[in-house]
Protein chains: 2
Amino acid sequence: MAKPTLNDVASAAGVSRATASRALSGYGRISPITVSAVKAAAEKIGYQPNAIAQSMRAGKTRTIGLVIITDFTNVFFNRATKGIVDTARAMGYQVLIFNTNEDVVLEREAIITLTQKRVDGLIVVPSTAEGHEHLISLTKSRTPLVIIDRVLPGVKATSITTDDASSCEAAVDSAVALGHRHLAFLVATPTVSGYQSDVPQLLNSAIESRVKGFLAGTQKQKKIRADWIFCDESPETALEAAAKLCDSPMRPSVIFTSNNDMAQAVLKVVAERDLIIGKDISLVTVDDSTWLEAIYPGITVIQRPVDELAQLAVTKLVAQMETSSKRVETILLPTKLVTRGSIADLS
Amino acid sequence: MAKPTLNDVASAAGVSRATASRALSGYGRISPITVSAVKAAAEKIGYQPNAIAQSMRAGKTRTIGLVIITDFTNVFFNRATKGIVDTARAMGYQVLIFNTNEDVVLEREAIITLTQKRVDGLIVVPSTAEGHEHLISLTKSRTPLVIIDRVLPGVKATSITTDDASSCEAAVDSAVALGHRHLAFLVATPTVSGYQSDVPQLLNSAIESRVKGFLAGTQKQKKIRADWIFCDESPETALEAAAKLCDSPMRPSVIFTSNNDMAQAVLKVVAERDLIIGKDISLVTVDDSTWLEAIYPGITVIQRPVDELAQLAVTKLVAQMETSSKRVETILLPTKLVTRGSIADLS
DNA sequence: TTGTAGGCGTTATCAC
DNA sequence: GTGATAACGCCTACAA
């Protein structure tokens with residue numbers, strides 16, 4: 001009782017394989033009567049074309065590979081994933097998904113597996129690390145590739161990222177305008193362990209952009225103090241780092257966090273100390289989530305256009321796949337500072 | 001410059017296709033010298049086996065299809081997705097992903113596409129609707145299938161769900177013990193439009209289980225008032241429904257919500273009315289999220305074992321695929337009531 | 001130990 | 001308008 005093949009359809013309809021194929025795929029010359037007979041036969045025996053065989057012949061799989069760094073827990077990446085999957089489906093493509101937990105080794109393996117499965121193209125969020133030769137060799141073999149969320153200077157591929165710098169700068173301006181003079185930035189990065197105030201050697205471009213924006217904002221002011229903490233992505237470290245900020249004798253009046261997890265750590269630490277967000281201490285973070293709006297006060301946030309990014313990633317990739325154009329684009333999408341109640345007015 | 005094939009490796013190494021294949025796959029008798037020669041040649045020309053051709057021959061794809069209802073936004077489904085993808089990878093399988101937005105039509109199309117792509121098995125969260133014949137025909141054709149989060153009475157397939165009823169009942173008990181006498185349950189279901197207090201005809205089994213638990217808890221008490229609101233899944237309706245509860249002259253002292261989105265709606269409405277959670281009004285919800293713990297007060301929650309569920313789904317599916325056993329299991333995983341500060345002590 | 005050859009299910013080219 | 005046939009890349013039974 002194996003699955004029926006085109007051969008079965010052909011014999012059921014009393015025609016040849018070739019005719020059956022033509023009838024079902026609707027190409028070439030063929031009489032309408034035969035077409036309906038074949039279709040009826042196919043229906044009757046429950047024929048489902050074997051996409052593997054089709055791919056084998058066509059050399060295309062109508063599948064794209066998605067290699068994402070982590071945790072669908074992260075608002076940005078889970079919404080991006082949904083957007084990519086849905087857009088791809090609408091365009092007739094399916095998505096094979098991998099996550100790497102920010103581990104280049106897993107990333108490399110994922111790319112190899114996807115290459116072997118002959119996906120038509122790849123969307124990758126590269127992990128924060130050195131050693132992306134596997135991506136370079138993809139571009140060399142002309143495999144359609146779109147890199148999202150981060151750019152990788154060494155890799156000549158289309159990238160789609162967001163302009164976090166300008167909104168981070170705007171956020172600083174906004175806080176300063178409200179009278180804040182002591183700011184702190186709490187940055188999560190997989191490239192440190194524990195926490196530290198020095199800027200790490202290696203940052204991914206998304207984080208770097210936020211750092212730069214913050215820096216630009218603070219440096220253009222006089223009499224501003226800006227503190228930094230870079231920490232790894234474990235919840236414990238985040239809490240320690242947030243506590244360090246809040247317990248300092250010179251507590252910053254506003255804390256910027258680089259992602260939702262860090263914002264949560266700050267919320268926890270602040271609550272434990274009976275401080276009130278938007279009054280005793282202020283908070284701004286990156287990547288909007290329904291939670292940031294649901295809680296009170298709402299958290300001011302730098303919104304990134306995740307749906308647009310997801311759609312663009314797929315359409316640009318499909319364009320590469322279907323036209324085999326090798327144009328490399330570097331797309332930077334605008335971000336937006338959305339003001340809610342989490343920055344106190346000190347003026 | 002097409003991708004090198006086994007033939008290319010063979011000629012590069014000066015052997016036949018068969019020998020090259022044996023050398024690379026390591027089977028049959030073959031001299032070590034030939035093996036290393038072939039491997040060197042493969043390496044040199046950058047040979048990557050074509051998994052499509054392998055699948056074609058083997059009749060297996062080492063791919064599983066995941067059809068999930070919606071929104072990776074939902075904590076439960078995004079963590080489940082991650083668990084499934086990671087477990088599958090560890091077992092040597094890749095995951096083709098679809099989401100249906102609770103639409104049976106899309107679900108049906110997804111299953112057809114996945115069948116045509118000859119996935120070795122499927123993990124499905126069936127949408128809340130009638131008409132799952134496509135799943136029944138899957139079981140008839142012996143396609144390995146695991147249904148998660150919900151059971152579908154008509155479909156003879158392994159299912160993995162969670163025992164929400166008992167924790168919902170425990171949550172009611174707990175609230176009653178703290179002195180609550182007027183409870184309300186705010187339930188999101190795609191099967192209504194707008195909101196209503198009557199129990200809808202059609203509920204998915206997960207929601208039904210929560211309803212039953214709540215009912216069991218309230219009915220065993222005397223002098224308890226229990227209100228219901230069933231509403232669709234749009235944020236607007238959720239807000240209206242939550243407002244209706246909070247603005248009622250007979251405001252419940254504790255609100256149970258069926259998911260995180262509804263909990264967020266309650267939080268918003270409550271904040272707008274300057275009420276304090278855990279004091280003026282109480283809240284309990286289903287499915288833990290880092291946010292429920294990060295905010296103040298933490299929200300008491302019914303935790304479902306999502307990681308365990310994800311792992312089980314994959315291992316049970318793989319067991320079906322690799323042993324072609326057709327044993328149907330109905331697995332119910334325990335849940336846990338985690339108490340935080342969101343239920344006021346009225347006693 | 002290695003080579004030859006057939007077939008997995010499709011599609012498309014070439015005859016008739 | 002339809003049928004026979006080759007080819008996609010791989011694996012493996014069989015032959016040498």
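Chain letters run A, B, ... following the sequence lines, proteins first, then strands; residues in each count from 1.
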Residues from residues 30-39 of chain B lying under 4.0 Å of DNA chain C - heavy atoms: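 Output list: B/I30, B/S31, B/T34.
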Can [X] and [Y] be counted as having a side-chain donor-acceptor contact under 3.5 angstrom?
X: B/K3; Y: A/T115; value: no
X: A/S159; Y: A/T161; value: no
X: A/R150; Y: A/T128; value: yes

Angle of first-five versus last-five pair axes in the helix from C/dT1-D/dA16 to C/dC16-D/dG1, to 10 degrees: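 Between the axes fitted at each end of the helix from C/dT1-D/dA16 to C/dC16-D/dG1 lies an angle of 50°.
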Any idea which of [options] is nearest the [X] side chain?
X: A/A53; options: C/dG6, D/dT12, C/dG9; result: C/dG9
X: A/V15; options: D/dA13, D/dG3, D/dC11; result: D/dG3
X: A/Q54; options: C/dT2, C/dA5, C/dT10; result: C/dT10
X: A/M56; options: D/dG3, D/dT12, D/dG9; result: D/dG9
X: B/T5; options: C/dG9, D/dG9, C/dT1; result: D/dG9
X: A/N50; options: D/dT12, C/dT11, C/dT10; result: C/dT10

Closest-nucleotide ordering on DNA chain C, the 5'-leading residue of B/S16 and B/R57: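 Looking at DNA chain C, the more 5' nearest nucleotide goes with B/S16.
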